[in-house]
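Data first, discussion second: the structure below is written as structure tokens.
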Amino acid sequence: MAPGLVEPVVAREHTTNLQVLTEAWHDLITFYLNGTKVLLENVDPELTLLEYLRGIGLTGTKLGCAEGGCGACTVVISQHNPTTNKVYHASVNACLAPVVSVDGKHVITVEGIGNVKKPHPAQERIAMGSGSQCGFCTPGIVMSLYALLRNSSDPTELEVEEAFDGNLCRCTGYRPILDAAQSFSIEKTCGKSTANGGKGCCMENGVSNGIEKGSSNGTTNGDGCHMSNGHEEQPIKRFTPPGFIEYKPDTELIFPPALARHDFKPLAFGSKRKKWFRPVTLKQLLEIKDVYPSAKIIGGSTETQIETKFKGLQYSPSVFVGDIAELRQFSFQDDHLEIGGNVVLTDLEHICDEAVEHYGPAKGQPFTAIRKQIRYFAGPQIRNVGTPAGNLATASPISDLNPVFMATNATVVAQSLDKTTEIPLSEFFKGYRTTALPSNAIIASLKIPIAMPQNEYLRAYKQSKRKDDDIAIVNAALRISLNDDLTVKNSTLAYGGLGICTLAAKGAMAYLQGRLFFEAETLEGVLSALEKDFDLRFGVPGGMPTYRKSLALGFFYRFYHEICDQIKIDGVKADADVVAEIERGISFGKKDHDAAVAYKQKVVGQTLPHVAALKQTTGEAQYTDDIPIHKNELYGVLVLSAKAHAHILNVDTSPAFEIPGVIDYVDHRDLPDPKANWWGAPQCDELFFAVDEVFTHGQPIGMILAVSAKQAEAGARAVKVQYEDLPAVFTIEEAIAAESYHPHFRFINTGNAEKAFAEADHVFSGVVRMGGQEHFYLETQACVVIPKPEDGEMEVWASTQNPTETQAYAAQVIGVAANKIVAKVKRLGGGFGGKETRSIQLSSICAVAAKKTQRPVRCMLNRDEDMITSGQRHPFLALWKLAVNRDGKIQALDADVFCNAGWTQDLSGAVAERALTHIDGVYNIPNVHVRGRPVKTNTVSNTAFRGFGGPQGMFIGESIMEEVADHLKMPVLELREINMYKPGEKTHFLQELKDWHIPLMVEQIKQESKFEERKKAVEAFNQQSKWKKRGISLIPTKFGISFTALWFNQAGALVHIYHDGSILVAHGGTEMGQGLHTKMTMIAAEALKVPMDSVYISETSTNTVPNTSSTAASASSDLNGYAIQNACEILNTRLAPYREKLGPEASMKQLAHAAYFDRVNLSANGFYKTPDIGYIWGENKGQMFFYFTQGVAVAEVEIDTLTGDWTCLRADLKMDVGRSINPAIDYGQIEGAFIQGQGLFTTEESLWQRNTGQMFTRGPGNYKIPGFRDIPQEMNISLLKDVEWENLRTIQRSRGVGEPPLFMGSAVFFAIRDALKAARQQYGVVDEVLSLISPATPERIRVSCADPILKRSIVLPGEGEKSWFISI
């Protein structure tokens, strides 16, 4: 029986005290962990499952965001599902799950399914398939795949792709993960499939369930393994890829039999500060609500954990309702479906499928709409715990389900101890986050009416920044019911994202009443009414007024024509092209695996997986915060500025010390002297601790130290800081107006630009704007600092790209020499430049804390703390002027280039310099005068990011090419090819281009991608399609390799050979997923003529290799590789007599043994410095870069001009990486950089809130890096081959590849621009050249269109009115 229908209701008992009510309840949590029974008594009520797991040493499960948005913490919880009465293996975010939620369940972590010696097939295939780079996200990805396989041992390709909707990866670009995961799909595992060399499986050959498609008599061909035609399914003939472990579902961890008999008992535990209750019956829950109406009801904890973690809200008591079986039932009634309030969304998906089958497609329309919205609602981890009641009770104005519930005229069944109340959805939402639910009641169930069998139509829509796993910008559920004469009987137009709660468009609904629906006048009238219903002002909270308004109108326009197209009324012409939304196919791709055949050696040149890949997929790889806790260790949490610019009037720490566990507080007064507070490179213009003034939101003021992270967080929140606001500058334009600059100015002036402008046929000018980018490495800034008892010694473990600077500043802040500090790095969970300088801030502050307390200090920033303190890629603004002749030959470029440095300079000067050196792209411009400088604003101090100004400079250059081509009415590729550098020509900084292969690669990729053929197909598509437009773009790139600061172009290495023939290598580079240790291991193995497994790299440490350069600039393989080669050559010289004496077959063990007894030194230092380079700014002399890495990309996209939605249909990439040391590593870098670049130019937008000066986009909820389903649907990559690299004098003649491919992601941006040109031309916008700002978000795509719906949606600012958000 469905909940809410229980009659009579529970009799009221006179219970007055919650303690009395629950005194007989239990406090013992019982569950299984990786097959072992666990009993927990007196549990900390605030403990999450993630904290528990990591606290007992299961550190494979990672903390990536603490809001359920990245999937790094994914575990599998196996449980008996009361909705289905089956065991279900749910992927769950451990960072959100309270420990109380696992009672009676089986928790499986990445350590529980395999290890390096015996990996699970999922772990092995992801590792061997290059699906793990930095590895921090990998355990979560493995567990998402594991959950899928446990629930369906033969998943479809679509199920495989969708399994990762709740996971993010910043390194790989997703393609290799998907390829590995697809090896488990039914299409790939069938032994008969063409993918596995067969003649085609039953599904490929048009047979479904053993029945031939199109067969009228239902006869089978008898050759299908997918038969379920009334018989038991035949066992699937599985195909295991050669060399991999076979996947055997029957060998998985069983669901513990004891849990099948588990007696769920009511639980009560906690402290004075916080109490948790877990009732197991509806009666127990209602009794609690009766005596304590304000008790917080928690189902999935997806909202509550974020409120407590990031907003500091406290709920006591909290009541977990996830184990009340009565709230997880459903029933099909004659005229409605009733679902329990706590049915999880994953089950609701299946219930909706059953409902459509039960009621039929027409009556089942509400359930089709719900199913559609759930598909794009978060990821599986959230859907596995989220509930309809949670959606309703939180009353989010952007809930995806609430508009559907409202449109269907659903009813909330609210139950209290003494009565049941039915509340129509139309009356349920009262305001922002407030509802009509009585305080002592709970949402027992929801009654969703079925649709009428005829003349009723319901559709749901949603638009967000990213298609999958994203919150809505605007959503809608639109319903009409018609009379037989096709007049409107009634309607509900429910919208989210347009007000303080889910709203009905009452004006539009009133207009519709009684009107003939299928008339143009009706459509126009409704659109006009919607304009009034949602008359957003320019400064509306949430921003995007024009876009949001256009979506409100656009959704109805789509709905109207979708119904017209379905019914097909005579004389009514549907705009059929608008009906279909963009849907992705299953993504795929290919690589050229023969690229290195011509030059591969015994080890070097081989395609090999990352050396730590298996450790990463099994959770055994150790990161900074995985280091075991030391005795007396303290946890530090930063006290950060809440203001963008203000005087500090007072800092009161006394409230923090009232919190149990808080031990100490450190700030600038704890430094040896005021000078020690200053840091920064190259200018020491930044403070570790603010003193009297703060200059940006997120600037450190101090650090609270406590015995646990939670206590330290509470202590930091308790510190009271009084401010006096000061004027703040945010944008580049504001800084220019205020003449707010950092003291750094550079220019390049070659030729005679002034003369060229005077003589050219055309001179065009414009403005290019480009936003920044958050690094979003999955492992946030982290360090562990351990003070030693003697002489001020200290050991600093840090997630840093820069051990030497970590060492230097730790020494400075505690007042000792650098030789007393050892900085160590095992590996980083991603860096991308964000840990080159910005990691120094945290490690130095922790060093101060460790010195003051003489106790070890640990800190790992929360995601929001990391984003507001550690800086981003620089936003850029360029004012340009270009001279060009009629034939398209460019004569001169003049540009002023500005980057938003933030409040300190950091590396901004060098970033601006690199932008100036890359502004030419791949084009020969004979006369160039470009100037660059960083502006000073009250925002986070921006820093290095993969590409380091190069992508911004090239974006400016390519934007100029696009706009000039439009002015000239010339195809942009033609303009590019006319001006492309030829071999031997010189850049504007007078460097000769050697081994120049761009023209060759352009021709090759045009042929391989069928560019010209597809260009014509795109034009034909755009002629036929009104609302969908396609675009295609070819973008070349060159990227200079070397640090522009000459002294950084050096490296050292240390190589030891031990008695047993094993070799230990140390070098100055850090491993952050880019495969540096893998390549260095290969170089050492090749040089010393040993197998690769004989060589080991343990860590990077300043006491083995001193004075290291930061691992950056794509130069680390070049520098450290040659240093290792140098050390190995020294050792080979020493071993040469023994090789001659013992013969060529002698093992290293034999050689080392003989040499040792002859007292030969088996340890060698190697060193390398890059030759020839040394550019002099101003004089425009000297060589800037050692060489250029080159590449070309072609991208094709499709956009939905009604909504701004888009997808990349295909991308083809070709890179010149020289002679690849390891093609697998290089392909991984290309894939990952391209997708990171795609994110930079499309989905990743950083916004600041104008009224507070605070960063708004500070977590995966609001900042959108690409996900698994954002990558190109087809992605093909190849390496340049069959050429000679005559002038390349690098290690093994390879090229650096970490940064260069990133800019190729802009091909997606320029393809979007190409599509937008077609959209604008359709409405007569021909002469107005489109200046598209990066990133090309759905909002920017939509507002760049020119259709009538967009034009009537434009919201202009009133006098003095400003936008809600600031884009800096």
### Message
Test side chain to side chain donor-acceptor pair (under 3.5 Å) on Glu338 and Ser445; report intermediate values, then the result.
### Response
CA-CA 7 Å; Glu338 185 163 9; Ser445 67; 2.5 Å; yes

Tell me whether [X] is salt-bridged to [Y], with the criterion being a basic N under 4.0 Å from an acidic carboxylate O.
{"X": "Arg1352", "Y": "Glu531", "result": "yes"}
{"X": "Glu774", "Y": "Arg1258", "result": "no"}
{"X": "Lys363", "Y": "Glu456", "result": "no"}
{"X": "Glu1339", "Y": "Arg548", "result": "no"}
{"X": "Arg769", "Y": "Glu733", "result": "yes"}
{"X": "Lys1028", "Y": "Glu1198", "result": "no"}
{"X": "Arg466", "Y": "Glu1245", "result": "no"}
{"X": "Lys372", "Y": "Glu349", "result": "no"}

Would you say that [X] contacts [Y] through its side chain, given a criterion of any heavy-atom pair below 4.5 Å between the two side chains?
{"X": "Tyr359", "Y": "Asp335", "answer": "no"}
{"X": "Pro1260", "Y": "Glu67", "answer": "yes"}
{"X": "Ser1367", "Y": "Leu1247", "answer": "yes"}
{"X": "Trp1248", "Y": "Phe1256", "answer": "no"}
{"X": "Asn342", "Y": "Val344", "answer": "no"}

Are any side-chain N or O atoms of [X] and backbone N or O atoms of [Y], one a donor and one an acceptor, separated by less than 3.5 Å?
{"X": "Thr487", "Y": "Asn483", "answer": "no"}
{"X": "Asp470", "Y": "Lys465", "answer": "yes"}
{"X": "Asn1022", "Y": "Ala1319", "answer": "no"}
{"X": "Thr408", "Y": "Phe405", "answer": "yes"}
{"X": "Thr546", "Y": "Val1355", "answer": "yes"}
{"X": "Asp533", "Y": "Gly507", "answer": "yes"}
{"X": "Asp577", "Y": "Ser1025", "answer": "no"}
{"X": "Gln1321", "Y": "Ala1318", "answer": "no"}
{"X": "Asn475", "Y": "Ile398", "answer": "yes"}
{"X": "Glu734", "Y": "Thr731", "answer": "yes"}

### Task
If a pair satisfies ring-ring contact (aromatic ring centres under 6.0 Å, His included) and one of its residues is in residues 515-554, list it, with sequence neighbours excluded.
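As it turns out, the ring-ring contact (aromatic ring centres under 6.0 Å, His included) pairs with a partner in residues 515-554, which skip direct neighbours, are Tyr495-Phe534, Phe517-Tyr560.
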
### Query
Can you pull the ring-ring contact (aromatic ring centres under 6.0 Å, His included) pairs that have at least one residue in residues 469-491, sequence neighbours excluded?
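Those involving residues 469-491 do not exist here.
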
### Task
Quick one: list whatever passes side-chain hydrogen bond (donor to acceptor under 3.5 Å, both in side chains) with Thr1207, sequence neighbours left out.
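By the side-chain hydrogen bond (donor to acceptor under 3.5 Å, both in side chains) rule, Thr1207 matches Gln1273.
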
### For Thr492, all residues meeting side-chain hydrogen bond (donor to acceptor under 3.5 Å, both in side chains), sequence neighbours excluded
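Applying side-chain hydrogen bond (donor to acceptor under 3.5 Å, both in side chains) to Thr492 gives Arg479.
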
#### Entry: All pairs passing salt bridge (charged side-chain N to carboxylate O under 4.0 Å, His left out) where residues 550-562 contributes a residue, at least two apart
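For residues 550-562: Arg459-Glu562, Arg558-Asp1200.
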
Can you find a side-chain donor-acceptor pair between [X] and [Y] that sits under 3.5 Å?
{"X": "Asn391", "Y": "Asn402", "value": "no"}
{"X": "Tyr457", "Y": "Gln365", "value": "no"}
{"X": "Gln773", "Y": "Glu1244", "value": "yes"}
{"X": "Lys489", "Y": "Gln513", "value": "no"}

Roughly how far, to the nearest 0.5 Å, is [atom2] of [Y] from [atom1] of [X]?
{"X": "His336", "Y": "Asn409", "atom1": "NE2", "atom2": "CG", "result": "13.5 Å"}
{"X": "Thr1257", "Y": "Ile868", "atom1": "OG1", "atom2": "CD1", "result": "11.5 Å"}
{"X": "Lys506", "Y": "Ser426", "atom1": "NZ", "atom2": "OG", "result": "8.5 Å"}
{"X": "Ile471", "Y": "Lys462", "atom1": "CD1", "atom2": "NZ", "result": "8.5 Å"}
{"X": "Ile480", "Y": "Met509", "atom1": "CD1", "atom2": "CE", "result": "12.5 Å"}
{"X": "Met406", "Y": "Leu503", "atom1": "CE", "atom2": "CG", "result": "7.0 Å"}

### Query
Taking the six-membered ring for Trp, are Tyr557 and Trp1027 ring centroids under 6.0 Å apart?
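Yes, they do, as the ring centres are separated by less than 6.0 Å.
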
### Pi-cation contact, Phe367 with Arg371 (under 6.0 Å, within 45°)
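No, a cation-pi geometry is absent between Arg371 and Phe367.
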
Can you tell me if [atom1] on [X] sees more than 12 non-hydrogen neighbours from other groups inside 6.0 Å?
{"X": "Lys1317", "atom1": "NZ", "answer": "yes"}
{"X": "Glu583", "atom1": "CD", "answer": "yes"}
{"X": "Glu524", "atom1": "CD", "answer": "yes"}

#### Entry: Stepwise side chain to side chain donor-acceptor pair (under 3.5 Å) test for Arg1250 and Ser1363
CA-CA 8 Å; Arg1250 190 179 295 277; Ser1363 61; 3.1 Å; yes

### Task
Go through the steps for Phe377 and Leu348 under the test side-chain contact (heavy atoms from CB on, under 4.5 Å), then give the verdict.
CA-CA 12 Å; Phe377 179 93; Leu348 183 55; over 6 Å; no

### Task
Test Leu392 against every option in Thr502, Leu437, Thr435, Leu425 by the side chain to side chain contact (heavy atoms under 4.5 Å, CB included) rule and name the one that passes.
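The single option meeting the side chain to side chain contact (heavy atoms under 4.5 Å, CB included) with Leu392 is Leu425.
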
### Query
What do the steps show when you test Arg1342 against Asp1347 for salt bridge (Lys or Arg N to Asp or Glu O under 4.0 Å), and what is the final call?
CA-CA 10 Å; Arg1342 181 67 185 106; Asp1347 56 273; 2.7 Å; yes

### Task
Give the intermediate values and the outcome of salt bridge (Lys or Arg N to Asp or Glu O under 4.0 Å) for residues Lys467 and Asp1205.
CA-CA 8 Å; Lys467 185 78 172 180; Asp1205 198 12; 3.3 Å; yes

### Task
Report the residue from Arg584, Arg383, Arg375 that forms a salt bridge (charged side-chain N to carboxylate O under 4.0 Å, His left out) with Glu162.
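Exactly one candidate clears the test, Arg375.
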
### Query
What is the minimum heavy-atom distance between Ala552 and Leu498, and which atoms define it?
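Ala552 and Leu498 have their closest heavy atoms at CB-CD1, 3.6 Å.
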
### Query
Where is the tightest heavy-atom contact between Asp400 and Ala472, given as atom of each residue plus distance?
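Heavy atoms only, the tightest pair is OD1-CB, 3.5 Å.
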
### Message
Checking Asp484 now: which residues fulfil side-chain contact (heavy atoms from CB on, under 4.5 Å) with it, not counting sequence neighbours?
### Response
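For Asp484 the side-chain contact (heavy atoms from CB on, under 4.5 Å) partners, ignoring immediate neighbours, are Asn455.
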
